[in-house]
S.K.: 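Have a look at the structure that comes next, please.
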2 protein chains.
Amino acid sequence: MKEAEIEAAWHGLASCSRCQIQDLVLFADLTPEDFGAIHLPIDDLWLPPGAVLYRAETTQTSLFTLREGLVKLEQYLPDGARRIVSLAGAGAVIGLEAMLGTPYEHDAVALQPSKLCRIPTAVIQRLSPKLNQALMRKWHDSVRTAHACLRDLSTGAARQRVARLFLQLAPPEIPRCRLFGREDVGALLGVTTETASKTVAEFKRQGVIREIAPNLFERDIDALNRIADGD
Amino acid sequence: MKEAEIEAAWHGLASCSRCQIQDLVLFADLTPEDFGAIHLPIDDLWLPPGAVLYRAETTQTSLFTLREGLVKLEQYLPDGARRIVSLAGAGAVIGLEAMLGTPYEHDAVALQPSKLCRIPTAVIQRLSPKLNQALMRKWHDSVRTAHACLRDLSTGAARQRVARLFLQLAPPEIPRCRLFGREDVGALLGVTTETASKTVAEFKRQGVIREIAPNLFERDIDALNRIADGD
DNA sequence: CGGAATCTTGAGGAGTTTCAAAACATGTGG
DNA sequence: CCACATGTTTTGAAACTCCTCAAGATTCCG
């Protein structure tokens, strides 16, 4: 197991008011004056795959918005087994629990090259209640993706789970998607690394997916949908 | 499958300021004046097992606090399979998504006799931002129980999942706990009804649990912990 | 060009599902 | 109060899936 505890690369102060995905993230409803009232630094981060954003049990005074990429949130079972309990994609807010002053609940690790912003909780508190609605929406998103993870990725036979994962990795109109390591696929779907590998390999042989480059796949959406619904 | 669409029994207006589990629920930090400012009716509900609190896709302007009992939140897979994605116990807030004006995401059904309060979202909005912290905490609880559901109840072998469920059904110092139907146990753990039944029956034979009355069990916590950690 | 991960593959066994039936519980009408 | 119908729980046997263990193939990186 690779332990790439890379210190997040500081890229510079973010200019939130000109953020391309502003409406996706937290500050959608803010006015120019509001932006002026932000006096704390919002760091701009870039994380390579495998880099750790934060560790469970640690306490910080920041939360993170994911502008681009994919981040896994993982926890450990009493017997030491590792389980990915949620995937965070572009627009997601990670580490919301910092708003409560409590320690982080997961290890947060990049699965794909990711761009994020580190936002001090004090900034949120100052702009509250203006951000209230947006914050609730983000919190709700966390619940929804957790439930989706359980419902779609941890239910049914292994081939159904893998099919549903491939369907979730990109919008249906884009045939291509990028996958990550088999060990992580297993930890996400609740199966062994070997089963994950075997199932992906089987899909390749059956032509349901086609590997264009290492871990870059072209998907047959219809076929995947059929498998996801139980052959 | 029993379809007990019982209309929730209206029990009377709740007196929140004298609520026994006030600190568990939403209104912990309110002053007497705050309570005076609540001008909308907070209904007091009692639900028998099997009663439906609300259905997915419907939109209402209330959320619910669970004062006593156990409620399941379930969703459906594309192929029609049913999956319990979260359990709500005493102190939980259910239907938080009503705060966003969006439809409920689950079917909410009582598993055990349950007492709850129906709180109009307008009440919360009026008392905001006084309730902000409490609200965030409840929202975070939803995320945490969802992740716990995935991590503990949907990971590993069936006997581990059943053991972890028995451990979660009551605090460790109380040896007794109450279970629900095998079909629901299966839907919660992601196994078939038969496997749920067989595993519970096996635990009874092995003396890990003892059935005092129908679905009322006395637990051997140590033995359950051993099984939960993988024999 | 090694060396170390990661991915793939295979065979055997353990665990789960499936299908079917029996045992049990519950509630209704005679 | 019993007989019966209904629904749930339990059990069994066979088929299947998934896991375990082990080895080979491949990729990645110094």
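Chain letters run A, B, ... following the sequence lines, proteins first and then strands; every chain starts at 1.
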S.K.: Taking side-chain contact (heavy atoms from CB on, under 4.5 Å) as the test, write out the residues that go with A:D220, two or more places apart.
M.R.: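 If we apply the side-chain contact (heavy atoms from CB on, under 4.5 Å) test to A:D220, skipping adjacent residues, the hits are A:D222, A:A223.
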S.K.: Of all residues at least two apart in sequence or in a different chain, which pass the side-chain contact (heavy atoms from CB on, under 4.5 Å) check with B:E74?
M.R.: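 B:E74: side-chain contact (heavy atoms from CB on, under 4.5 Å) contacts with B:K72, B:Y76, B:R82, B:I84, B:D107, B:V109.
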S.K.: When the C1' atoms of the five terminal pairs at each end define the local axes, what inter-axis angle does the helix from C:dT8-D:dA23 to C:dG30-D:dC1 show, to 10 degrees?
M.R.: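 The two end axes of the helix from C:dT8-D:dA23 to C:dG30-D:dC1 meet at 40°.
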S.K.: Tell me, please, which residues at least two apart from B:Y104 pass ring pair (Phe, Tyr, Trp, His ring centres under 6.0 Å).
M.R.: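 Counting only residues at least two positions away or on another chain, B:Y104 forms a ring pair (Phe, Tyr, Trp, His ring centres under 6.0 Å) with B:Y54.
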S.K.: All N/O contacts under 3.5 Å from nucleotides 2-4 of chain C to the protein, with atom names and distances to one decimal?
M.R.:
none

S.K.: According to salt bridge (charged side-chain N to carboxylate O under 4.0 Å, His left out), who are the partners of B:K115, at least two apart in sequence or on a separate chain?
M.R.: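 With sequence neighbours excluded, B:K115 shows a salt bridge (charged side-chain N to carboxylate O under 4.0 Å, His left out) to B:E68, given in chain and number order.
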S.K.: When you check every protein heavy atom under 4.0 Å of nucleotides 7-16 of chain C, what one-letter string (B, S, -) results, 5' to 3'?
M.R.: SBBBB----S
S.K.: Using the salt bridge (charged side-chain N to carboxylate O under 4.0 Å, His left out) criterion, which residues pair with A:R144? Sequence neighbours excluded.
M.R.: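 Listed in chain order: A:D141, B:E105.
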S.K.: Residues two or more places apart in sequence or in another chain: which of them pass salt bridge (charged side-chain N to carboxylate O under 4.0 Å, His left out) with B:E194?
M.R.: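 Residues passing salt bridge (charged side-chain N to carboxylate O under 4.0 Å, His left out) with B:E194: none at all.
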S.K.: Apply the test side-chain contact (heavy atoms from CB on, under 4.5 Å) to residues B:F217 and B:L169: give CA-CA distance (whole Å), side-chain angles for both, the deciding distance (0.1 Å), then the verdict.
M.R.: CA-CA 10 Å; B:F217 291 91; B:L169 282 176; over 6 Å; no
S.K.: Using the test salt bridge (charged side-chain N to carboxylate O under 4.0 Å, His left out), find all partners of B:R137 that sit at least two apart in sequence or belong to another chain.
M.R.: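 By the salt bridge (charged side-chain N to carboxylate O under 4.0 Å, His left out) rule, B:R137 matches no residue at all.
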S.K.: Go through the structure and list residues passing side-chain contact (heavy atoms from CB on, under 4.5 Å) with B:P171, not counting sequence neighbours.
M.R.: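 side-chain contact (heavy atoms from CB on, under 4.5 Å) check on B:P171 returns B:E173, B:I174.
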S.K.: Restricting to ring pair (Phe, Tyr, Trp, His ring centres under 6.0 Å), what partner residues turn up for B:F203, sequence neighbours left out?
M.R.: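 Applying ring pair (Phe, Tyr, Trp, His ring centres under 6.0 Å) to B:F203 gives none.
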